[in-house]
Each structure stands twice: as structure tokens, then as C-alpha cells.
There are 2 protein chains.
Amino acid sequence: MRSVDDVEDLTSRARIRDTAISRFAVGGFGASIRTIAADAGVSAGLVMHHFGSKDKLRAECDAQVLATIRRLKRENVADAAANQSFFSKFAAAEENASLVGYILRSMQDGGPLAREFIDHMVTDAVGYTREGVAAGVIVPSRDEAARARYLTLSALGALLLEVTLDPPEDPADLAGIVRGYLTNSYLPMMELFTEGYLTSRSMLDDYLMYVPEPGASNS
Amino acid sequence: MRSVDDVEDLTSRARIRDTAISRFAVGGFGASIRTIAADAGVSAGLVMHHFGSKDKLRAECDAQVLATIRRLKRENVADAAANQSFFSKFAAAEENASLVGYILRSMQDGGPLAREFIDHMVTDAVGYTREGVAAGVIVPSRDEAARARYLTLSALGALLLEVTLDPPEDPADLAGIVRGYLTNSYLPMMELFTEGYLTSRSMLDDYLMYVPEPGASNS
DNA sequence: TAGCATCTTAAACATGCGTTCAGTCGACGA
DNA sequence: TCGTCGACTGAACGCATGTTTAAGATGCTA
């Protein structure tokens with residue numbers, strides 16, 4: 001067992017893993033081991049030799065993607081005033097195309113990485129929102145956790161749906177697709193965030209009559 | 001070739017097709033023909049005899065689902081003051097569990113049915129929104145089409161993500177899952193719709209400075 | 001009754017998959 | 001120099017899949 005605590009060595013093992021990430025990102029998790037091996041220029045047997053099974057390879061890819069995202073977040077935590085700002089920059093960067101593709105595939109698949117990624121995203125959103133509310137730039141909510149989750153799921157879900165519905169002919173163009181989606185969504189999103197959607201408070205007030213407790217979110 | 005213009009006969013052919021819809025809904029489109037045949041209590045060969053190939057079976061299922069949805073929409077067009085109201089009732093009804101599951105799977109898959117369904121949904125949303133704006137209950141937008149698409153994609157995408165992340169142990173409970181999601185999302189949605197999210201207009205105004213034309217949505 | 005089209009099945013076929021296996025090659029330590 | 005160990009390969013295995021095929025059952029028509 002080699003120590004792989006650092007990401008310094010470009011052993012064939014690591015190269016296969018990174019190739020698998022790219023292949024999974026563009027082709028989905030149904031991609032065959034033989035395809036991945038061919039991409040990496042090795043035999044299918046070697047992949048098995050290194051990782052034991054396809055599931056274990058997948059698990060290592062998940063771990064690698066998660067670690068990379070955490071690192072990118074840490075590096076950009078200064079710039080990112082808001083969660084959304086980080087994701088926009090992150091997803092629109094060409095160099096992260098494989099990462100973004102992998103995460104989108106994971107969301108499509110419902111794997112554990114997707115849940116972890118989204119939970120992390122929601123947690124961060126709660127923090128940033130608290131700061132925004134304290135600073136007076138964000139309207140306070142009766143249930144901050146529910147709002148953070150709702151906004152995160154809406155944004156990521158809409159992006160996922162957009163990409164799934166109109167997949168880029170060249171999968172390497174993922175960053176362009178993401179940028180295009182953000183461009184088209186920005187105006188209605190900003191309108192909704194600053195001007196709202198309904199002119200009357202009646203629907204909200206009616207709901208508040210039924211549910212007096214604002215903190216409890218589960219039924 | 002029998003004329004199948006009407007949906008009146010409960011022939012074995014139609015029964016197989018409906019079984020396939022249910023099976024696709026709970027198991028995804030990777031479900032095998034043998035599984036579908038077993039569910040319907042027939043042999044795999046008979047499925048091929050009736051439909052020719054799995055793709056053609058899938059196409060007929062798509063058509064059937066789309067036709068059913070159109071019918072349900074037509075029947076409920078009176079009640080549904082808003083698009084969303086229709087979808088809530090539609091998706092929360094136990095009897096439509098297979099339909100909702102099938103559509104969600106189609107969205108996950110990116111099939112042509114999903115695109116058609118969503119386009120239809122967006123078109124309807126544009127119409128209902130226009131009425132709402134005219135009636136003074138909905139805030140007007142600088143790009144009604146973009147807003148309708150944004151809101152529809154957000155709502156459906158969030159639901160899709162929620163179901164994918166936490167799939168119901170019993171797939172027949174889909175209606176319950178949908179209802180639970182709507183319950184958790186209703187408060188933040190209503191808050192956002194009536195009170196907005198940002199306290200300042202600066203982000204919207206900044207954007208409007210860059211993009212003077214409100215009608216053009218494509219770059 | 002005979003013939004024919006349709007419904008239906010069991011078995012086989014071809015293919016692609018994840019995985020296993022036997023064995024080759026090269027490096028490195030005793 | 002020998003022996004061991006890890007990297008690596010090509011072929012094969014077992015399995016599930018979509019599809020094909022031959023044949024049996026059934027009912028309608030002449």
C-alpha cells in the first residue's frame with residue numbers, strides 16, 4: 001500500500017482515476033471500464049488490479065472530486081461574498097469542466113457525493129445568508145434553513161435540468177452551457193430577488209395563519 | 001395492422017404498455033424487457049412481438065404519458081387558476097404516481113418527452129402569468145418568457161433533485177414525497193414571492209445598466 | 001373440416017458488461 | 001545471480017441484456 005496522502009505523484013493509478021473522472025463526467029456512470037482503460041491507454045485488467053472493482057473506482061473518484069471542491073472553496077473563500085458567487089465562478093471556469101460535469105452526473109444519479117455536495121452547499125448558504133441578514137442586505141426569513149435549502153435546490157436543480165435537456169454536443173463545452181444558463185437566468189432571478197413576484201401579501205398571510213410555528217420545518 | 005386510434009380496448013398490448021410505464025417509473029429506463037414482461041405476466045418475446053424493440057416501446061409509453069397529461073390538463077383547466085396549482089394537484093394525487101414518476105425519470109434521462117413536457121409547461125406559465133399581470137396580482141417582468149422559463153425550471157428542477165437525492169423506499173409513495181417537498185418549500189417560496197430576497201435594488205440596477213434591451217433573451 | 005392469421009411461448013443467439021486468471025516484464029534487494 | 005514483488009496484459013468466464021427464431025395454441029373464415 002503506497003501512501004497517497006499527497007496529490008503529488010502522477011502514478012498510473014492517479015492517471016487512471018483522473019481519466020475515469022473525465023469519462024464519467026462526459027459519459028455518465030454507465031461508462032464501461034474498458035472505455036476508461038482505453039482513454040487512459042491501459043488495459044481493463046490494470047484498472048481492476050488498482051481499484052478492485054468499478055464501485056471502488058467510483059468511490060475514489062467521488063473522494064477526489066469532493067477533496068478538489070473543498071480545496072477550491074477554501075482558496076476562494078475570500079473572494080466569494082456569497083455562495084452563489086462562488087458557484088458561478090467555479091462552474092463557469094473552463095478548467096473545472098470535468099469537475100462540474102462529474103457533479104452534475106452525480107446529481108442525476110443520486111449518489112452519495114451529490115448529497116454531500118448539496119448539504120455542504122446549503123450549510124454554506126445558511127452562513128452567508130446570516131451575514132447578509134445581519135448586514136441588512138438580505139431580507140430575513142421565518143425559517144432560514146428552509147430558505148437556504150429551497151434556494152440551493154432550485155438553483156442547482158434548474159441548472160441540472162437545463163443541462164440534461166440540452167446536452168452540449170461537445171461535452172467539453174460544459175462551462176459555456178453553464179455560463180449561458182446563468183446569463184439567461186440572471187435577469188428574472190434579480191427581478192424576483194428585488195421586486196418579488198406577487199403584489200399581494202394574502203397568499204403568504206393565509207399560509208401563516210395555518211402554520212403558527214415558523215421554526216419547525218418537518219411535518 | 002389494427003387501428004389503435006382510440007384508447008378503448010384493454011388488449012394485452014395496452015396492458016403491457018401500461019405495465020411498462022409503471023415499471024419505467026419506479027425502476028428507471030434501465031428496466032429490462034424481461035422484468036416488464038414478468039410484471040405483465042407475459043413472456044419477453046410477446047413484448048418484442050407487439051412493439052418491435054425496446055425503443056419503440058419507450059416511444060409508445062412517452063406518447064401515452066403525454067396524451068394522458070394533456071387530457072388531465074384539459075379537464076382541470078377550469079380549476080387551475082395558475083400553472084403551479086395544476087401541477088401541485090396533479091403531482092400530489094396518488095392515482096397519478098406512475099405518471100409523475102415516469103416524467104421525473106424522463107427528466108433525469110433527458111428524453112424528448114421531458115423537453116416537450118417542460119416546453120408545454122413554460123408556455124402555459126407564460127399565459128397564466130400574463131393574466132395575473134393584467135389582473136394586477138403578479139408583478140410585471142422585463143422579460144416574461146425568461147421569467148416563466150426560469151420559474152418553471154427552478155420548481156421542476158428542485159423537485160427532481162429532491163426526489164433523486166432522497167428516493168422513497170416505497171416508490172409508490174411518490175405522491176407523498178412530492179407533497180412533503182411542496183410542504184417544505186411553500187414557506188420560503190411564498191416569502192420570496194411576496195417579500196423578495198434582497199433589500200437593495202443595486203444588483204438589479206447594475207445589471208440593467210449593462211443590458212439595455214429587455215426583450216432579447218439570447219446572447 | 002381445413003386453412004390461415006394472430007397471440008403467445010421457450011429457447012437460442014449475439015453482444016457488452018464486470019470480473020478473474022494465468023502469465024510476462026522489469027526493477028530491486030539479498 | 002537469483003528470487004520476489006508489483007505493474008501490466010490478453011484471454012477467458014459468467015452473467016444480463018435486447019433481439020431473433022421456430023414452434024405451439026387459439027380463434028376466425030371459407
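Just so it is clear: chains get the letters A, B, ... in the order the sequence lines come, proteins before strands, and each one is counted from 1.
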Visitor: Please write out each protein N/O paired with an N/O of nucleotides 22-28 of chain C under 3.5 Å, distance rounded to 0.1 Å.
Guide:
none

Visitor: For B/Ser185, give me all partners under side chain to side chain contact (heavy atoms under 4.5 Å, CB included), at least two apart in sequence or on another chain.
Guide: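 Partners of B/Ser185 by the side chain to side chain contact (heavy atoms under 4.5 Å, CB included) criterion, ordered by chain and then number, come out as A/Tyr150, B/Tyr181.
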
Visitor: Distance-only check: which donor-acceptor pairs under 3.5 Å involve side-chain atoms of residues 156-168 of chain B, not counting sequence neighbours?
Guide:
| unit_1 | atom_1 | unit_2 | atom_2 | d |
| --- | --- | --- | --- | --- |
| B/Thr164 | OG1 | B/Gln108 | NE2 | 3.4 |
| B/Thr164 | OG1 | B/Leu160 | O | 2.7 |

Visitor: List in chain and number order the residues that pass side chain to side chain contact (heavy atoms under 4.5 Å, CB included) with A/Asp170, two or more places apart in sequence or in another chain; answer none if no residue qualifies.
Guide: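 A/Asp170 satisfies side chain to side chain contact (heavy atoms under 4.5 Å, CB included) with A/Ala172, A/Asp173 once adjacent residues are dropped.
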
Visitor: Rounded off to whole Å, could you give me the CG-to-C1' distance for the A/Leu46 and C/dG18 pair?
Guide: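 Result: 16 Å.
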
Visitor: Please collect all ring pair (Phe, Tyr, Trp, His ring centres under 6.0 Å) contacts where either partner lies in residues 36-67 of chain B, sequence neighbours excluded, each pair once.
Guide: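 Ring pair (Phe, Tyr, Trp, His ring centres under 6.0 Å) check on residues 36-67 of chain B returns no pairs.
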
Visitor: Can I get a per-line list of side-chain donor-acceptor pairs under 3.5 Å for residues 28-44 of chain B, giving both atom names and the distance, sequence neighbours left out?
Guide:
| unit_1 | atom_1 | unit_2 | atom_2 | d |
| --- | --- | --- | --- | --- |
| B/Ser32 | OG | B/Thr35 | N | 3.1 |
| B/Ser32 | OG | B/Thr35 | OG1 | 2.7 |
| B/Asp39 | OD1 | B/Arg23 | NH2 | 3.4 |
| B/Asp39 | OD2 | B/Arg23 | NE | 2.6 |
| B/Asp39 | OD2 | B/Arg23 | NH2 | 3.1 |
| B/Ser43 | OG | B/Leu46 | N | 3.4 |

Visitor: Mind listing the side-chain donor-acceptor pairs of residues 93-101 of chain B below 3.5 Å, one per line with the distance, residues two or more places apart or on another chain?
Guide:
| unit_1 | atom_1 | unit_2 | atom_2 | d |
| --- | --- | --- | --- | --- |
| B/Glu94 | OE2 | B/Arg179 | NH2 | 2.9 |
| B/Asn96 | ND2 | B/Phe90 | O | 3.1 |
| B/Ser98 | OG | B/Ser22 | OG | 3.2 |

Visitor: Protein within reach of the bases, or only the backbone? For nucleotides 11-25 of chain D, mark each nucleotide 5' to 3' as B, S or -, using heavy atoms under 4.0 Å.
Guide: -B----BBBB-----

Visitor: With sequence neighbours excluded, give me every ring pair (Phe, Tyr, Trp, His ring centres under 6.0 Å) pair touching residues 151-171 of chain B.
Guide: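 For residues 151-171 of chain B: none.
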
Visitor: Distance check needed: C/dT20 C1' versus A/Lys56 NZ, whole Å only.
Guide: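 Answer to the nearest Å: 14 Å.
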
Visitor: If we check side chain to side chain contact (heavy atoms under 4.5 Å, CB included) with A/Tyr102, which of these qualifies: A/Ile69, A/Val26, A/Asp62, A/Thr68?
Guide: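 Single side chain to side chain contact (heavy atoms under 4.5 Å, CB included) partner of A/Tyr102 among A/Ile69, A/Val26, A/Asp62, A/Thr68: A/Asp62.
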
